[in-house]
Amino acid sequence: MPEHTPKSDAAQAETPAKVAAGPAGPNRLRKTGAKKTAGGKMGGGRMGPGKGGFAGGPGQRGNAGGPGKGPMKQRIQAALDQPVLPPASPATLEKRHFGLVISFVLLVILPTFLAGFYLYTRAADQYASYVGFSVRSETAPSPTDVLGGLGSLAGISSSSTSDTDILYKFIQSRDLVERVNNRLDLREIWSKASDDPIFSYRGGSALEDLADEWERKVRIYYDNGMIDLRILAFEAQDAQDIATAILDEGGTLINELNDIAREDALRYARTELDRAQGLLKTARQNVTEFRNRYQLVDPTADVQSQIGVVTSLQQQLAEQLVSLGMLKSNAQPDDPRISQTDLRVKVIREQINAERQKFSSDSEDIALTDVVGQYETLAVDRQFAETSYTAALAAFESARAEAVRQSRYIASYIRPTLAQEPEFPQRSQLLLIIAGFLAVAWVIGALVFYSLRDRR
């Protein structure tokens, strides 16, 4: 605190007098100040105790405000009697300010300078190769596509989209890293900038280290079934070679998916065809064994022929019975024609009975009806087997044609590019990002420091 001077004491004594003067103007202010200087009290001087004043004496002027304003005047007087604090001293630099400046230099300016020095002197130029492709399928509109959005609501998606998702995951997998490394030796390609301690490959011989570097050097962008890649390398030709290898390996994967899908589509149809073919062979073999056992090619045809014989004999029997009736009506009882007609009727009836006996049994005492029933059962089995085989064969041919028609392939809309000049690292952008991040971190740290200091 600065020491009080006589001038400041005089100003302190003059301030209550100015406040007490109120709106009366400067003359009243000087008069009141003189009275206070002379008497030491607001109620002294010529006013005296009988004439009132600010002291609230019994005079007429002192009671002008009424008896209720006495405590108010006392509070005003108490406030006026309090000493006035001196004005604040001007701000000066302290140790914490110097520490703040030093921390800004050490935490912001110096790291930014070092980052700029590395980016513009040590960081190696990198070339970028771009490639873009999508998986296409030679498929006709399915009933699900005709229904519009109902297929998507039911959870049915096209195979091309799922193949693209598989390819997207494949590009990020260790399998592709290993395949491309076997073709191009990625460790040698990404280790060419030996003076660059950050962007150059510093890993070991393990495939995991190479996979981590793959994530840094190969960026993949996937949007609406289309895949875009950006491959970085320290030489433009190396970047293009890596992009070409990725495209080739992706085509190989799609071909493998084609073979798997085709085999899956044909497996069920081929299984059904083999089963129907086995049933047909069994049915035909059973029919052949039946014919060899009973020496009958078609029992149904034999039965039909025997029925025809019986029918013919019955017609002859009816004619003879008519002739016999006419002879008995017109001829003498001892007419030899009657006896001859009777004999023919008897022979025809015996033949009919003999023919009918064939329906009930054959030479092995097996009923012909049972033989016909067995044959009809075998014939139905053979017909069913033939129908099943025909349907299975048609389904197999249809599945094979559909599998051939639904071939998938990679449609490359951006071929692997060959860079003409390096694009990375983007030095100015990286430097601005580093400086901005450090500045924000420093500001937050300073605010935290002052907040903790003020809470002490």
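- Electrostatic pairing of R408 and E256 does not count as a salt bridge here, judged by no charged N lying under 4.0 Å from a carboxylate O.
- Looking at D209 and R187, no side-chain N of the basic residue comes within less than 4.0 Å of a carboxylate O on the acidic one, giving no salt bridge.
- With 3.5 Å as the limit, one finds a donor-acceptor pair spanning the side chains of D165 and Y222.
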(request) Would you check, one step at a time, whether the test side chain to side chain donor-acceptor pair (under 3.5 Å) holds for Y168 with D163? (result) CA-CA 9 Å; Y168 174 77; D163 293 338; over 6 Å; no
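- Contacts classified as side-chain hydrogen bond (donor to acceptor under 3.5 Å, both in side chains) and involving residues 107-122 (residues at least two apart or in different chains) are given here: Y118-D196.
- Using a cut-off of 4.0 Å between Lys/Arg side-chain N and Asp/Glu carboxylate O, K217 and E213 are scored as salt-bridged.
- Between D248 and R183 there is a salt bridge, since at least one side-chain N of the basic residue sits less than 4.0 Å from a carboxylate O of the acidic one.
- With no hydrogens or angles considered, a side-chain donor-acceptor pair links W442 and S103 at under 3.5 Å.
- Residues satisfying the ring pair (Phe, Tyr, Trp, His ring centres under 6.0 Å) test with F117, not counting sequence neighbours, are none.
- A salt bridge is defined here as a Lys NZ or Arg NE, NH1 or NH2 lying under 4.0 Å from an Asp or Glu carboxylate O, and D175 with R179 meets this definition.
- With sequence neighbours left out, the ring pair (Phe, Tyr, Trp, His ring centres under 6.0 Å) criterion links Y127 to no other residue.
- A donor-acceptor contact closer than 3.5 angstrom links the side chains of D241 and Q237.
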